[in-house]
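Single-structure report; data block below.
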Amino acid sequence: MEQTPVVQLRRATKTIGRKTLVDDLTFDIPAGEVFGFLGPNGAGKTTTIRMMVGLAGISRGDILIQGHSITKDFKKAIRHVGAIVENPDLYTYLTGYQNLQHFARMVPGVTKTRILEVAEAVGLQGRIHSKVKTYSLGMRQRLGIAQALLHRPSLLILDEPTNGLDPAGIHELRAQLKQLARDQGVAVFVSSHLLSEMELMCDRVGVLQHGRLVRIQSMKELVHKSGNAQVCISVAPSQTGQAVQLVAAIGKTVTPSEGQPGQLVVHMDKEEIPNVNKQLMDAGIHVYSIHMRERTLEDKFLEITEEQQWAD
């Protein structure tokens, strides 16, 4: 029997007056998945998160969390949610343990054992009794995650969780979220502008543009799907023009790199590389190197959003 997704958005829409901020969102997030939510500023990402946690009303449609409707059964739905929007709110004059203890008083059934358990889960067991004012920003972020996990939620929502973190802090957070999803089966919903980090962190991503979901795809398919790629070819600078003409004559799109004589960028399938290389060499062109330029999430994100702008 197939397991019910932790999160189910069903034509979720948010309007204010005549303006539609979020338009007809429908997608699922299963247990154990890190789901990335991408989009330009103003695309509707934060509005979607606010609807998911009940801070913004849903104008039309619904959001279900563990099968409970945010609009019809809010208390049961929100019981399964832990969330941090940007930086967590913490009492810096208290210790990490005291912060968690204070929050635990608001949630039935959270024991001392559970507090120590989540502290260990986020890697703070060695500093949990230190005052938060002595914590680095990365440690505070981890304490915020511990706070959000105290009541054993099925869904962890993070809006721009890497804001202000240094590279080491971002690395720690990324590893922590992947471990939570893998080991505890938590569904993690992350919104961020750092596309390189989303690429390393997420199992799937959804791309939002003007409030509409324009693409949802696994990270592997989105970024590493085989097919037409950019191939960088380095030839003798004096033979650049000849190489461009030859590659164009066999039907490939080729662009000389501006300010870099001898550097060509060719769009073709990787299976075609040996043939193109042979034709260049048979024509007496000196080929110094050939390498594929891997598409990044940033490349694909810009491609998707630009396509959508033309479609609009």
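Within a 6.0 Å radius of CG in Asp89, other residues, nucleotides and ligands contribute 12 heavy atoms or fewer.
In this structure the side chain of Thr47 never reaches within 4.5 angstrom of the side chain of Ile49, judged on heavy atoms. The shortest side-chain heavy-atom distance between Leu200 and Arg174 falls under the 4.5 Å cut-off. The closest side-chain heavy-atom distance from Ile128 to Glu120 is not below 4.5 Å. With a 4.5 Å cut-off on side-chain heavy atoms, Ile29 and Phe189 count as touching. Taking the side chain as every heavy atom from C-beta outward, Asn277 and Ile290 approach each other to under 4.5 Å. A heavy-atom distance below 4.5 Å is found between the side chains of Leu143 and Val132. Using a 4.5 Å heavy-atom threshold, the side chains of Gln66 and Val6 count as touching. No side-chain heavy atom of Thr13 sits less than 4.5 Å from a side-chain heavy atom of Val22.
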Could you walk me through whether Leu9 and Thr48 pass side-chain contact (heavy atoms from CB on, under 4.5 Å), step by step?
-> CA-CA 10 Å; Leu9 279 79; Thr48 301; 4.1 Å; yes
Using the side-chain contact (heavy atoms from CB on, under 4.5 Å) rule, take Thr26 and Leu213 through it: C-alpha gap first, then chi angles, then the decisive distance, then the call.
-> CA-CA 8 Å; Thr26 298; Leu213 191 67; over 6 Å; no
Verdict with reasoning, Ile84 to Ile157, per side-chain contact (heavy atoms from CB on, under 4.5 Å) | CA-CA 6 Å; Ile84 304 175; Ile157 299 175; over 6 Å; no
Please lay out, stage by stage, how Ile58 and Ile70 fare under the test side-chain contact (heavy atoms from CB on, under 4.5 Å).
-> CA-CA 9 Å; Ile58 301 172; Ile70 281 286; 4.2 Å; yes
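The existence of a salt bridge linking Glu160 and Lys45 is excluded, since no basic side-chain nitrogen approaches an acidic carboxylate oxygen closer than 4.0 Å. Salt-bridge annotation for Arg10 and Asp28: present, with a side-chain N of the basic residue lying under 4.0 Å from a carboxylate O of the acidic one.
Of the possible donor and acceptor atoms, none in the side chain of Ser154 sits under 3.5 Å from a partner among the backbone N and O of His80. Within the 3.5 Å criterion, the main-chain N or O of Pro40 finds no donor-acceptor partner in the side chain of Gln209. No donor-acceptor pair closer than 3.5 Å links the side chain of Glu33 to the backbone N or O of Ala181. Gln98 places a side-chain N or O within 3.5 Å of a backbone atom of Thr95 that can act as its donor or acceptor partner.
Arg79 approaches His151 most closely through the heavy-atom pair O-CD2, 3.2 Å. Leu246 and Ala283 get closest at one heavy-atom pair: CD1-CB, 3.4 Å. The heavy-atom pair separating Val110 from Ala104 by the smallest distance is CG1-CB, 3.5 Å. Across Glu172 and Arg142, no two heavy atoms sit closer than the pair OE1-NH2, 3.2 Å. Considering all non-hydrogen atoms of both residues, Pro30 and Ala187 come closest at O-CB, 3.5 Å. Closest approach of Arg114 to Leu150, counting heavy atoms only: NE-O, 3.1 Å.
Below 30°, between 30° and 60°, or above 60°: for Tyr97 and His129 the angle between ring planes is between 30° and 60°, a tilted geometry. Between Phe35 and Phe37, the angle of the ring planes lies from 30° to 60°, which puts this pair in the tilted group.
With rounding to the nearest 0.5 Å, the separation of NZ in Lys14 from CG in Leu25 is 13.0 Å. Atom NE2 of residue His210 and atom CZ of residue Arg212 lie 7.0 Å apart, to the nearest 0.5 angstrom. Going from atom CE of Met201 over to atom NE2 of His171 covers 11.0 Å, rounded to the nearest 0.5 Å. Taking CG of Leu158 as the reference point, atom CD1 of Ile145 lies at 5.5 Å (rounded to 0.5 Å). Rounded to the nearest 0.5 Å, atoms CD (Gln125) and CD (Glu117) are 12.0 Å apart. One distance of note links CG of Asp203 with CE of Met219; it measures 8.5 Å at 0.5 Å rounding.
When the options Val205, Val188, Val186, Leu156 are evaluated for a side chain to side chain contact (heavy atoms under 4.5 Å, CB included) with Val34, the one that passes is Val188.
No single ILVMFWY cluster, assembled from side-chain heavy atoms under 4.5 Å apart, contains both Leu64 and Val81. Note on Met281: it clusters hydrophobically with Val266, by side-chain heavy-atom contacts below 4.5 Å among ILVMFWY residues. Ile250 and Val265 are not part of a single hydrophobic cluster, where members link through side-chain heavy atoms under 4.5 Å apart. Linking Ile, Leu, Val, Met, Phe, Trp and Tyr residues whenever their side-chain heavy atoms come within less than 4.5 Å leaves Leu94 and Tyr135 in two separate clusters. When the side chains of ILVMFWY residues are joined at heavy-atom separations under 4.5 Å, either directly or via intervening members, Met139 and Tyr91 end up in two distinct hydrophobic clusters.
With no hydrogens or angles considered, a side-chain donor-acceptor pair links Thr134 and Arg127 at under 3.5 Å. A donor-acceptor contact under 3.5 angstrom links the side chains of Asp159 and Thr46, judged on distance only.
Residue pairs that meet the salt bridge (Lys or Arg N to Asp or Glu O under 4.0 Å) test with at least one member in residues 59-70, sequence neighbours left out, are Asp62-Lys72. Under the salt bridge (Lys or Arg N to Asp or Glu O under 4.0 Å) criterion, the residue pairs touching residues 230-256 are Lys252-Glu272, with sequence neighbours excluded.
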